[in-house]
Amino acid sequence: PISDDDLACALAKHSKRPVFYEDLPINMLVKKEEDGFTSVDDVDWKVRDFIGLEKLKASGFEEDIGFISHDIEKICKRKPETVDQYLEATESMTPLEKWIFE
C-alpha cells in the first residue's frame, strides 16, 4: 500500500505542481455531515465517502495482506502498476490527465 503522503508526493513530482495531503479527522467529517454541508465542496456523497474511507483506514483492515485479492492481475494478465509507473504512462491518459502530467 502507498501512504496518502507518498501519493501526494508522487502527484507533485509528476505534475510539477505543489500537492499536499491534508488529513481531516473523522470527527470533523462527521460534524460536516451533521451540520448540513455548508461548503460547495462538501456535497453529501463526498463527505460520506471520506467518512467511510477514514473508518476503513482507522480499522487497519486495509493493511492486512488478506485485503489484497490479486484479482486485477488475473483480469489484466499482468501485475498492477506502481503509482510512478501509472503517472509516467502518459500515452494511456485522458487529454486532461496528459495536460496535468506532461
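Hydrogens, waters and symmetry mates play no part in the numbers below; they use all other heavy atoms, side chains included. Keep in mind that what you see is a predicted model, and the values were worked out from it rather than measured.
- Not counting sequence neighbours, the partners of S92 by the side-chain contact (heavy atoms from CB on, under 4.5 Å) test are A89.
- When all heavy atoms of A10 and D84 are compared, the closest pair comes out as CB-OD1, 4.0 Å.
- Between the side chain of E73 and the backbone N or O of H70, no donor-acceptor pair lies under 3.5 Å.
- Between atom CD of residue E88 and atom CD of residue E81 there is a gap of 10.0 Å, rounded to the nearest 0.5 Å.
- Here the SG atom belonging to C9 is positioned 11.0 Å from the CG atom belonging to D4, to the nearest 0.5 angstrom.
- Residues L87 and I2 are members of one and the same hydrophobic cluster, defined by side-chain heavy-atom contacts under 4.5 angstrom among Ile, Leu, Val, Met, Phe, Trp and Tyr.
- Two residues are said to be in side-chain contact when any heavy atoms from C-beta on lie closer than 4.5 Å; M93 and I100 fail this criterion.
- No more than 12 heavy atoms of other residues, nucleotides or ligands sit less than 6.0 Å from atom NZ of K55.
- Using a 4.5 Å heavy-atom cutoff, the side chains of H14 and Y86 are not in contact.
- Listed by chain and number, the residues in a salt bridge (charged side-chain N to carboxylate O under 4.0 Å, His left out) with D6 amount to none (sequence neighbours excluded).
- Side chains of F101 and L11 form a contact here, defined as non-hydrogen atoms less than 4.5 Å apart.
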